[in-house]
Amino acid sequence: MSHRLKFTCALILVLVLWLLNISLGSISIPIGALLERIAGVPFPRESWEIIVVDYRIPKSITAILAGIALSVSGLQMQTFFRNPLAGPFVLGISSGAGLGVALLAMAGTAFGWQLFAGTTSYWSVILASSAGAIGVLVLMGLAAWKVKDSMTLLIVGLMFGSAASAIVTLLSFFSAAEELKMFTLWSMGNLGNTGWSELGLLSGAILIGVTMVIFSVKSYNAMLLGEAYAKSMGINFQKLRWIMIVSTGILTGGITAFCGPIAFIGIAVPHLARLLFKTNDHRVLFPATAILGILVLLACDTLSQLPGYASSLPINAVTTAFGAPLIIWLIMKRNFSEAF
Amino acid sequence: MEIHQNNPRHAKPCIHAKDLVLGYTVGKQISPIASGISFELFHGELTCLMGPNGVGKSTLLKAIMSQNLPINGEIWFGDTSASQMSDLVRAQNIAVVLTEKIRSGLMTVRELVALGRTPHTGLWGHLSVADNAYVNQVLELTHLSAIAEKKLSQLSDGQRQTAMIARALAQDSNIMVLDEPTAHLDLTNRFEIMYLLKKLAKEAGKAILVVTHDLEVAMETADQLWIMANKEPLVSGSPEDLMLEGHLQKLLPGEKWEIDSRNGKIRLKTPSNLPEISGPEHLIYWVRNALRKNIEIPMPDKIEVSENPFEISVYSGQNHFTFSRTSEMIRFLKNKTA
């Protein structure tokens, strides 16, 4: 199959899944009604209009944005560090965001202060998570200034992550059950909290992050041969490093702020793209990971809200529970380390 | 390019440096590794850089690639100093083949070679018609056209190394620097690679610098040798001159080893207690070789070798033995002690 055919198939699948995603849920809305609504015929019930427009469409768009952002930054990390285990969170962004939210949610009991007088609003969570992620990124930036070696940078990132998690553990230990539950729910990921107003901001951020990646496709291709070869071919390595840190910060940090840490997609989807598209060329791989990221996350989100249940399952559990076996099967079937 | 093919020495060197001090700076601590490094690299010549491990060959390469600037002194590319060159201009002047193994098993040979065009392509790395034609030309020249669509993971070590050289060639630089390109290769591939490099130097007029530990192959193919030895300035010259002037001996520290001045091969110094061997010269060589490897066994008084049929006669005191293989002779002499 040519790349063009594969992309067309993937695109059709995305459209089908998108319709399914909007149609399925605690209240099923027939796809026929959806298609008629697109054609201009109003829904037979007014409540459907509210469910679809105010809830399901924003949620599905969030899933699409998160799919793009997480898998694209995962691919970026894997190529930059030449490490198949790298993912969007290796720079400690999710741990930093987690620390921010944990401080917001649980520090009250631990330190005996009342940060937001009991109620934690959605926007305060976003602010706390962004502040945490930006804090870690600033630290990583300082580290990147100091160390020249990319492997050292990777280890520093993991250490920052561990340190942040340790503080979160301490906070959890001292916090009250109610606050702990709020934090735990956040850490399970949630695509359904973003309304139209938040989506504008989020998609703007994702657009900036993705644009930065698009303009460094050539550098990432050179990085396939490793840092020394890339430098010898005239690639400005220091510049690429900053692009990598900033764009991952925007992409992953943005999604984590609005949806919580969504695991698994970022590491797995780039491998899936390599296996299915059988290429290392980033001009194909970046769009391929983006579209596969959309597919996987839309599918997982659809699964998490299957009909008959009033509430949807946590997205993190679904991505890992359904995605992991699929990836393991693919990896066992084809020689994955050779592909990397 | 204005190269006088018959006498390239009339041309200006494309890289030269005088009295470099090489080493690393960690914090305020300066640790010099090699000093007194002066050299000239010429178009159309294959130059081999040799020296024991740890003498600073890789540091010199890094200095030439501007990845680790010299502590003292300046490297010149024609009239431009290396430190004033932009990354892009440098990439258009020097292409490298390094020792590190690359992964990217899904990449095809053609894609790898095309990556060499990176310093010449635009923002997206899109290959123009001219770029594609150049890639094809390189594939042709390196005899890789037949396997151009193969993935890197399917190649043998020799093919992979040739592909890496082809990538460097596609960079269209006038200088190529290779760090031990023949390590891990079998004997024929070692010669194949070096003759390919020699051909590229002659036909494409490139200046090629190769770090190698392979004296035999270097003697056979190099136009110039650069010898780096511990705490001594870099010595350069044709392999033959360096052999005749005794500089090659510097590659072998200590008293134990020597270079055979007839064929440039490294061997244990001939010990004094070998018996007298008579017979045709080419047969004596191998019988002596067999004895030299087993210097601890008691030696006979005299050995005679004859051809057609091959026979070794060993005289020891009053006794006389004949053998048809050297291994039998050695085994016999060993048993005599036991």
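First the proteins, then the strands, lettered A, B, ... as listed; each starts at 1. These numbers come from the heavy atoms of this one structure, side chains and all, not from hydrogens, waters or symmetry mates. Since the structure is predicted, the reported quantities are computational estimates derived from the model, not experimental observations.
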>> Taking side chain as everything from C-beta outward and backbone as N, CA, C, O, which of these in B:Leu112 sits under 4.5 Å from a heavy atom of chain A? Side chain, backbone, both or neither.
In response: side chain
> Quick one: what part of B:Lys101 sits under 4.5 Å from any heavy atom of chain A, side chain, backbone, both or neither?
Replying inline: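 Neither part, no heavy atoms under 4.5 Å.
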Could you grab the distance from atom [atom1] of [X] to atom [atom2] of [Y], nearest 0.5 Å is fine?
{"X": "A:Phe237", "Y": "B:Gln67", "atom1": "CZ", "atom2": "CD", "value": "10.5 Å"}
{"X": "B:Leu88", "Y": "A:Met233", "atom1": "CG", "atom2": "CE", "value": "12.0 Å"}
{"X": "A:Met223", "Y": "B:Leu115", "atom1": "CE", "atom2": "CG", "value": "12.0 Å"}
{"X": "B:Thr108", "Y": "A:Lys278", "atom1": "OG1", "atom2": "NZ", "value": "14.5 Å"}
{"X": "A:Arg82", "Y": "B:Ile102", "atom1": "CZ", "atom2": "CD1", "value": "8.5 Å"}

> Under the side chain to side chain contact (heavy atoms under 4.5 Å, CB included) criterion, do A:Leu224 and B:Met107 qualify, and how do the steps go?
Replying inline: CA-CA 9 Å; A:Leu224 283 173; B:Met107 204 187 273; 3.4 Å; yes
More than 12 heavy atoms from other groups under 6.0 Å of [atom1] on [X]:
{"X": "A:Lys231", "atom1": "NZ", "result": "yes"}
{"X": "A:Lys239", "atom1": "NZ", "result": "no"}
{"X": "B:Gln29", "atom1": "CD", "result": "no"}

>> Only heavy atoms, only distances under 4.5 angstrom. Which residues in residues 116-136 of chain B are near chain A?
In response: B:Gly116, B:Thr118, B:Pro119, B:Thr121, B:Gly122, B:Leu123, B:Trp124, B:Gly125, B:His126
> Who in residues 89-99 of chain B is close to chain A, using a strict under-4.5 Å heavy-atom cut-off?
Replying inline: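 Residues of residues 89-99 of chain B touching chain A at under 4.5 Å: B:Ala91, B:Ile94, B:Val96, B:Val97, B:Leu98.
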> Under the 3.5 angstrom rule, does the side chain of B:Gln171 hit a backbone N or O of A:Ser232 as a donor-acceptor pair?
Replying inline: yes
> Please walk me through it: do A:Thr279 and B:Leu106 pass side chain to side chain contact (heavy atoms under 4.5 Å, CB included)?
Replying inline: CA-CA 5 Å; A:Thr279 182; B:Leu106 286 176; 5.6 Å; no
> Looking only at heavy atoms, which two atoms of A:Leu225 and B:Arg167 are closest? And how far apart?
Replying inline: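 The answer is CD1-CD, 3.4 Å.
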> Do you see a donor-acceptor pair shorter than 3.5 Å between the side chains of A:Arg274 and B:Ser104?
Replying inline: no
> If you count heavy-atom pairs under 4.5 Å with chain B, which of A:Thr79, A:Val217, A:Ile235, A:Asn221 comes out on top?
Replying inline: A:Asn221
